[in-house]
Amino acid sequence: MTAYLVKGVSVLGAAPTDLLIRDGVVAEVGADLTAPGATVVDAAGLVALPGLVDLHTHLREPGREDAETVESGSRAAALGGYTAVCAMANTSPVADTAGVVEQVWRLGREAGLVDVQPIGAVTVGLAGQHLAELGAMADSAARVRIFSDDGHCVADPRLMRRALEYVKAFDGIIAQHAEEPRLTEGAQMHEGEVSTRLGLTGWPAVAEEAIIARDVLLAEHVGSRLHVCHVSTAGSVEVLRQAKARGVRVTAEVTPHHLLLTDVRAETYDPVYKVNPPLRTDADVAALRAALTDGVIDIIATDHAPHAVEDKECEWAYARPGMLGLETALSIALDVLGPRWDLIAERMSRTPARIAGLDGHGVDPAPGAPANLTLVDPAARRTVDPAELASRSRNTPYAGMTLPGRIVATFLRGEPTVLDGKATK
Ligand code: DOR
Ligand code: ZN
């Protein structure tokens, strides 16, 4: 195993130091380290962060390998500074059995670029009728702890209650895609002034807020852990704030796109801006940013949602919802939060690792820590070119935008998955 001597790096914004990475761990931290035989990485001007952890990634395998594979999505993740991703269950077949989650887990190990932790479906086939084999998935080699029907809401309150009760036995989590389906029938974008003007059917904020309100009450009643996916409205933030103040075991995520973009993008009719939940208003963006800073929203999760060209380059109404996220998330976070490295580490690495129970991830670079880390050049600016992305899909909403920050290197258990801004395999 090669050792790596990272010279002159700023750990989370502190004064420059050297890091020796050997045998999968950060072996030493200090000034003027020497290590004969080690590969030297010149990290002057770079910031070291614990490897990023994404709680919400769509890898599309099995079933839509034309849009993404476990390997291509893992490569995109590593290039984005990630060392672990949680793979959503809305594959084809759905990840609702021990067999499918083990397949995804094994493909992740074979790719070896990030740790891929499968999420299991809550209901069979995501159909919202019958609970999936939660226990069998938890006991499988993939050791599933997070369950989600993401893409669909677990709308039936009795089923949601039973799911919360079931996972309590192994401290599991239900991650809810909060969308009251009766309030979003035919919806194409956020319901508001812009949807009225464009004549598109709206997706009202209350469709999200009503489910979150119901689910925090159910989680409180049962005493289980609830995670709310892609929170997108100011009203949702207030529901979560009250629930947390009461001590409900609830965590919440926001996506990079909901922190940056608004529903006015729909005026272009470019389906690259179609996403679920939809882009909201300036007031929602402001509330989400404030909640991310004050901790009502716990983490940034990408909801990386690759889609093939034919599913995106078509009429708005026929396009699939979703956007790429893994290769741009850190840049958006830097843009939104500024160089607040401790906050970025908290929201993008430590807390998601803790929620998902991913041992060895979310640990700051320090002597003895597992060498899962990423090196960022905060001074670099990059113009996003969809053709340069490692994802198999091209549906980034940031094409042509110039964003701060560049991932220079990522290490997974002491081995570089990215060096000089390029994937090592
Ligand atoms: O925009 C979205 N895309 N929202 C979801 O909930 C699912 C995702 C997908 O799988 O494409
Ligand atoms: Zn979702």
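Indexing begins at 1, ligand by ligand and atom by atom, following the structure's order. Each residue takes its place number in the sequence, starting with 1.
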- Task: For ligand 1, note which part of M323 has a heavy atom under 4.0 Å away: side chain, backbone, both or neither.
- Result: neither

- Note on the structure: shortest atom 10 (O) of ligand 1-to-protein heavy-atom contact is with N90 ND2, 2.8 Å

- Can you find a side-chain donor-acceptor pair between H58 and D150 that sits under 3.5 Å? yes

- Sub-4.0 Å heavy-atom approach of K274 to ligand 1: no

- Message: Determine whether S232 and R280 satisfy the following criterion, side-chain hydrogen bond (donor to acceptor under 3.5 Å, both in side chains), listing intermediate values before the conclusion.
- Response: CA-CA 7 Å; S232 70; R280 305 285 187 183; 2.9 Å; yes

- Which bit of A305 gets closer than 4.0 Å to ligand 1, counting heavy atoms only: side chain, backbone, both or neither? side chain

- Message: Under 2.8 Å from the Zn ion (ligand 2), is there any N, O or S atom belonging to H177?
- Response: yes

- Verify whether one side chain among S331 and T328 offers a donor that lies under 3.5 Å from an acceptor in the other. no

- Query: Where the closest heavy atom to atom 1 (O) of ligand 1 is concerned, which of T255, N276, D150 has it?
  - Reply: N276

- Query: Any idea which part of H230 is under 4.0 Å from ligand 1, heavy-atom wise: side chain, backbone, both or neither?
  - Reply: side chain

- Message: Under 2.8 Å from the Zn ion (ligand 2), is there any N, O or S atom belonging to D150?
- Response: yes

- Message: Looking only at distances, can you tell me whether any N or O atom of P321, backbone or side chain, sits closer than 3.5 Å to an N or O atom of ligand 1?
- Response: yes

- Walk me through it: do L226 and E220 pass the test side chain to side chain contact (heavy atoms under 4.5 Å, CB included)? CA-CA 9 Å; L226 169 71; E220 184 171 31; over 6 Å; no

- Message: Does the residue H58 have a heavy-atom contact with ligand 1, meaning some pair of atoms that are separated by less than 4.0 Å?
- Response: yes

- Just wondering, do T302 and Y82 contact through their side chains at under 4.5 Å, heavy atoms? yes

- Is there a donor-acceptor contact under 3.5 Å from the side chain of W203 to the main chain of P277? no

- Side chain or backbone of M88 under 4.0 Å from ligand 1, or both, or neither, by non-hydrogen atoms? neither

- Query: Should you measure from each heavy atom of V275, which atoms of ligand 1 turn up under 4.0 Å away?
  - Reply: 1 (O)

- Message: Taking the side chain as everything from C-beta on, heavy atoms only, tell me whether D66 gets closer than 4.5 Å to E310.
- Response: yes

- Item | Donor-acceptor contact present, side-chain T39 to main-chain Y4, <3.5 Å | no

- G322 heavy atoms, cut-off 4.0 Å: which ligand 1 atoms fall inside? 1 (O), 2 (C), 3 (N)

- Task: Please name the residue in the list H56, E68, E327 that meets the side-chain hydrogen bond (donor to acceptor under 3.5 Å, both in side chains) test with H304.
- Result: E68

- Message: Other residues, nucleotides and ligands only: do more than 12 of their heavy atoms fall within 6.0 Å of CZ on R246?
- Response: yes

- Query: From the Zn ion (ligand 2) out to just under 2.8 Å, does an N/O/S atom of H230 turn up?
  - Reply: yes

- Can you tell which part of R60 has a heavy atom less than 4.0 Å from ligand 1: side chain, backbone, both or neither? side chain

- Pull out every atom of ligand 1 sitting under 4.0 Å from any heavy atom of H307, numbered as shown with elements. 11 (O)

- Geometric N/O contact P277 with ligand 1, under 3.5 angstrom: no

- Can you tell which of V216, L240, L218, L217 makes a side chain to side chain contact (heavy atoms under 4.5 Å, CB included) with V248? V216

